[in-house]
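Written below as C-alpha cells is the structure these notes are about.
Below, all heavy atoms of this structure are taken into account, side chains as well, without hydrogens, waters or symmetry copies. Only a predicted model underlies this, so the values are computations on that prediction, with no experimental measurement involved. By convention in this document, chain letters (A, B, ...) are assigned in the order of the sequence lines, proteins followed by strands, and residues within each chain are numbered from 1.
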Number of protein chains: 2
Amino acid sequence: MKNQIISLLVLICVPLLLHAEDGHNLWLRGKSTASVNVVCSKHSATIDIAEQELHQEWQGKANATVVLTIKPNKFIKGDGYMLSDDGVQANTDLGILYGVFALLRHQQTGNPIRDVIISNPSYERRILDHWDNLDGTIERGYAGRSIFWHDGKDSLAVTEKDKKLWQAYARANASIGINGAVLDNVNASPLILTTAYLNRVKAIAAVLRPYGIRTYLSVNFASPIVIGGLKTADPLNPEVQKWWKDKAREIYGLIPDFGGFLVKANSEGQPGPQNYGRTHADGANVMADALRPFGGIVMWRAFVYSANDKDRAKQAYSEFMPLDGKFRDNVIIQVKNGPIDFQPREPFSPLFGAMKQTSVMSELEITQEYLGQAIHLVFLAPMWKEFLKSDTYQEGKGSTVARCTDGTIFSQKYTAIAGVSNIGSDTNWCGHPFAQANWYAFGRLAWNDQLSSDQIADEWLKLTFMPTASEDKTKSTVLPIVWDIKFLKPVKQMMLESREAAVNYMMPLGLHCLFAPENHYGPGPWWAPKYVRKDWTAPYYHQADTAGIGFDRTENGSDAVSQYHEPLRSLFNDVNTCPEIYLLWFHHLPWTYKLKSGRTLWDALCYHYQEGLDQVREFQKTWDRVQPYVDSERFYVVQSKLRQQCENAQVWKDACLLYFQQFSRMPIPYDIERPVHNLNDLKNDMGRSR
Amino acid sequence: MKNQIISLLVLICVPLLLHAEDGHNLWLRGKSTASVNVVCSKHSATIDIAEQELHQEWQGKANATVVLTIKPNKFIKGDGYMLSDDGVQANTDLGILYGVFALLRHQQTGNPIRDVIISNPSYERRILDHWDNLDGTIERGYAGRSIFWHDGKDSLAVTEKDKKLWQAYARANASIGINGAVLDNVNASPLILTTAYLNRVKAIAAVLRPYGIRTYLSVNFASPIVIGGLKTADPLNPEVQKWWKDKAREIYGLIPDFGGFLVKANSEGQPGPQNYGRTHADGANVMADALRPFGGIVMWRAFVYSANDKDRAKQAYSEFMPLDGKFRDNVIIQVKNGPIDFQPREPFSPLFGAMKQTSVMSELEITQEYLGQAIHLVFLAPMWKEFLKSDTYQEGKGSTVARCTDGTIFSQKYTAIAGVSNIGSDTNWCGHPFAQANWYAFGRLAWNDQLSSDQIADEWLKLTFMPTASEDKTKSTVLPIVWDIKFLKPVKQMMLESREAAVNYMMPLGLHCLFAPENHYGPGPWWAPKYVRKDWTAPYYHQADTAGIGFDRTENGSDAVSQYHEPLRSLFNDVNTCPEIYLLWFHHLPWTYKLKSGRTLWDALCYHYQEGLDQVREFQKTWDRVQPYVDSERFYVVQSKLRQQCENAQVWKDACLLYFQQFSRMPIPYDIERPVHNLNDLKNDMGRSR
C-alpha cells in the first residue's frame, strides 16, 4: 500500500522540472526562501561572509532573527561553535562562520536543530594537499589543471578570474571546516620559494584568509642550493640554517598567517638530509627552527622506502622509529594511512601510535589515484572510517588511529590531518560528480571523525541532489518522502557499498599494488620488466607462484607483523586469526587453502572478482532507476562513467583471474561468468588501459 | 547414481592423453585399427582412392572383407550408393568412393550398419563457391589466403605443395559428397579465362578429378572486350557469341569435365547484358550456348539490386520473374537464400518456387561474413534447414524450397546447390575450429537435405573431437558413454543453439543489415553518411524513428509481401499472423506495440539482446567444462574465440539498445544488465570493430 502511494506520487510528479546542473556549485546549492535578520556586534571580513551566507541561503522561518555571538565558552574549543535555532556562538570569527554553515546545512538537509548543539573540531589543522605543479599540471589529478598555477607567459599575473575561483574554493572548504591548503606538489619545485612565486602565494592567501584558510607550501630540500646559490643543503650547515631563517622571514613578511612547510625528503628521488649523512630529524628541525618564531609548522612525510631487499611495508617504521623524540614540537610526521601507498585496502601504518614522543598526522588520498580516478564511483568515507577506527593497541584497547593523532592520547602541540586534493579546473571541480563527495567527506571527517559514512553520504546527497527550493515551487514537485525512498536510499546504499566493490574487483583479500605502471588505473599484475626495480613491480607484492599467492609478512617472512603492537602482532601473524580482508597482505598461502567459508583461496578470489563486477552492474541499475530525480546533465555524466566502471571491472576481473590462473592451475568455478578478454590482449592493451 | 559412476569414470580417466591437434585433418582423423581385405573387379584412380581409404581408416572387424561392386541398381541414383556391413554397391566409381567414406564414417561415429542403407544425393551438383581473387586474397575470407591462387612472380607455377593441399581439399570434399568447386571470385577477373590461368585450372582439375570434383569458373561478362580485344560484350553480337564458343572449346580442350561458369552480372558494379540493353536471359544464354556442346552449365546469379527507390528486397524477383522460361535448360538461376544478403535471419527469397520454367539453385554462405566471421561460434545447419524447409506454397502445401530446387516438383535438367566457401590457407582451413562444421554441414545437406542439424552436429563432433583410436589405446582412455554425456551432449547443444544466439545478440525480431560498413562484423545501426547510397546504409533497413522501428513491406508499404504465394502473402502482411522472427522484416511497428508475450516491442528487443549475450556466456561455461576432453591446442583456440564472441555480443547489445533507445525513449527494463559502453565510444570505435 505504501509502495502504491509512492508510485502514485511519482506518477503525479514526473517529469520533474530539474535544472541542468554543471556541478560547479558543489553542495552549496541552497538559495534563500525567506528573509532573515542577522544580529552581530562585531564586524570582520569573516563575520561579513557569515552574514552574507545567512541572507543568501536562509531557509528557516521568515523574518526570523539570528544572533551571532563571539564569547568564550568552556565547552567550545578552538574554532568550534554552539548552535541553536536562532543563534550561533563561538570563540572566534571563524567559529561563527563554521556555525553559520552548519546552521544552513541543518536547514537544507531538513534536519532542524532541537535544543543546542556544540561542535568542536577533531583536528586543529584540516588541510588539503594540492599536488599541483607550477606549470599547471596536477600529479594524480583527474579534473583538469591547477586552480592555483598556470603555465605560459604571465603565468604569475593574478586575474579577477583567478580570484573568483579561489574564493569559490575557499567558500566550499570553509563550509565543511577545512582550514589549510598546501598549494604545490610534494614533489616540489625549488622555484616556489622565489619571491615571484611567493607574491602569487600572497595573493592567494589574501583571498583564502577571510574563509579561515591558511596557506602552506611544499618545499624542496635542495632549495638553498638551487635558488639560494649555496653549495650545500646540509641542515647542520650554518649558512643553510640562516638561509631557511631568512626565507621564513621573507614569507611571513608577505603572509603573516602562513601555515608552514610540507616536505617530501629522501623519497622517490627527492633530495633530503640523508644526502648529507643527516637524519630526517635533522632535516625537519632546521626548517622547524626557521618557522617557529612565526608560528609555522613542518609536516615531514614518512613516505620513504628504498630499493633494498627489505619489505617496503616495513621501511617507514624502521627509518622513523629510531628518531622518535628527536623532532621539534612544531614538526608533525605526516604518515599515509597504510604502510605502502594509498592502495584500495591496506592495514593502518604501524607508525600510528608507535611514535609516542613525536607529533603524527594522517595523510589520506582524496584523489582516486588507485581507485578508478575520475571514472569510478568510489565513496571513500568508509575507507577512512575503517582506518581512523583501527585500534593500534599502543596505549591499551581503544587506542585508535584517530585518538593517536587527535591529541586525546598523546599530547601534541599541533594536531592535524591532511588529504591529497582531487580538485582541478574542471567545471565540476572533481571530474566525477560523486568525487565531490570525497572532498566533502574528508572535510567533514577532519572536523568530526565520529561522523558515520552513512551520515556523511546522507548529508552530501541531500545538499547535492535534492531538488532546490526554486525547483520545489514548480508544479512538478517531488515530495521529500518520495525522494528519500526513491533516490536517497538506493543511491546512498550504492555509495556506501562502492569502496568494497572496488576492492572486490581490483584487489580482494589483502592483495595490493596490482596496477599497471605509471597511470595506476588498470590491472597489471604481470608487470615486471627486468630493468625496473623489484619493489616497483606487481609480482613483488602478490608473490604468486604455483605454490600460492600473497606476501609473507609473518615472523617466518618479512616479519612486518612485529611492527604492530600486541595483540595485533599475533593476530596478523596467525593465519587462523588474521582478518580475511588482510589475508594476502600478511600471508603467502596455497591456492587450495581453505577459507572460513569452506572455499579454497582460489575459488574465493574468483568469487570476489565476480562479486565486484556484479556490484557495479547493480550500481548501474540503481542509477538508471533514479533518472527521474536527477537533472539530465549530471544523470548522463554519471551513467556514462558507471558504464566505463563496469567495463573496467570486467577487465580487472579477467586480467587478475587469467593471470593468477596460470599459477593456480585451477578452473574458475563454473557458476562464475567466464572471462571475456584474453590475457595477451589485456597485456598488450595495458598502455591504453584508460 | 548414474552421475556418480560417470564422475568416478572421469576421475579414473583424467587426465586424458589427448594429442595436440592443429585441425588440419578436419573430420578425417580416423586411423585403421585392423587390417581389411578389399575386393573390387575394377580399377580406376577413384576406386584406388576408395581402397586406400579403407586400408588407412578401417575400424571394423579385423581381417574382414569388403566387396566394392559397380552395378546399376534402380534404387541407386546418380552417384548414390548402397551400403552393407561388408560391401558397397554403386552405379559409378564415384558412388563407390562416397560409399566407402560413408562406411568409414559409420565406423568412426560408432554407428554400425544394420541391414542395408541406400543413399542418393539430394542435388546433382554440390558446389563450393570460392570467392578467391587471383592475387591470393579472398573476399569475405577469414582463414588466410587462397589455396588456389598466389600473388607475385611465379604465381602460376604449380608446386608439389600446391598439389598436396589441393588433394587434401579434394579428399575432404569427397568425404562429404561435394562434387564441384568454383575456383575464383564472383567479382571475377577477366584474366581467369586467359590461357595462362586456364593452364593452372587444368592442373587443379587434374588433382580434383579422381575425387569426383569438377572445376567451375566465375567469369567476367566483359571478358570478350578485356581479354578478347572485341569492342563489345553484347550477347547478341555474333563476334561475342563466337568468342564465347571459342573460349569454351579452348577450356574443354584443357579440362574435358569442366563444370561451367558462375556469373555475377549487372550487380554491384559488375558488367552485364543490361549494359547493352539486353536481358539477363540474353546474357546467360550466350554462355549457355557456348558451353552446351560440352555439357557445361551456367550458374547465373539473381543477386541484383540498384539504388532506386524500390525496396531492395523486391528487386531480384521483379527483375527475374519476367524472364521465367527465357533461359536455356543448361542455365541455373543461383539465388541467395534470402531476398537481401546472407543476413543472420531472412525469410526465403520469393524467387524460390516462383520461377517454374527455369532451373533455380540455392546459394548459401558457409563463410560467416555476417555471422562473426572466424571469431564467433555459429553453427549454420539450423539456418540452412530453416531455409530449405520453408514452404513456398507455390505448388500447394509442402512446396518447400528444397523440393522446389531438387527436381521433385519442377523438372530441371540440372539440380544444384552452392555454398560460398570458408576455406583458406590457415592450417585448420577455416580459422575457427567450429567453422569446419559449417563446411561439413553444407556438404552433408547438399547430399541429403533431410538430415537434421542434430545428426550433422553429432557426426561432426564425433569425427572431429572423439579421442582417436591411437589415443584410445593409452591407459588414460575415456569411455564413450562418459564422452557422450560430458562432451558430446553439451557441446552439441551449444552448436545447435548458436545461430539463434547470434540472431539474438545481433538482429532479433526480423532486424537486418545493422552492420558496420565494409567489414560486416560489428554493429553500425547508425551508419548513414550522406555520400553513401541509401540502400547501403543501416537506417534504410531498420527505419527506426520515434514512431517505431521496422521495414514496412506490407501492402501499405513496399508490398514485398505480394511476391510471396498465398497464404504467405496474407500471413506476412498481417501483423497478427506474421511470425515474430520476421516481424520487423515486414512491419514498421510502434515501440509500444504489444507482442504475444505481453511485452512491448521495445522491451522484447531488450530481452532478446540480453538473451543473446547470456547465451554466449553459457557457451563459455559449456566449453570450459569440457576442457578435460579436448586437446589443449583446440581447447584454447576455441576458449579464446568464445571470449571475443562474448565481448562482441556485449558490444552488439549496447550499440543497438543505446542507438534505438534514442528513438524509443523508453528505459531498458531494469532486470536487464545495463550497457557498459557509451554510444559515442562505440561509434568512434566502429573502424576497429574487430
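- Annotation: maximal heavy-atom pairing with chain A below 4.5 Å, among E647(B), Q627(B), E618(B), occurs at E647(B).
- At a heavy-atom separation below 4.5 angstrom, chain A is approached by Y670(B), D671(B), I672(B), E673(B), R674(B), P675(B), V676(B), H677(B), N678(B) within residues 662-680 of chain B.
- Summarising the geometry, atom CG belonging to D681(A) is positioned 6.5 Å from atom CD belonging to Q644(B); distances are rounded to the nearest 0.5 Å.
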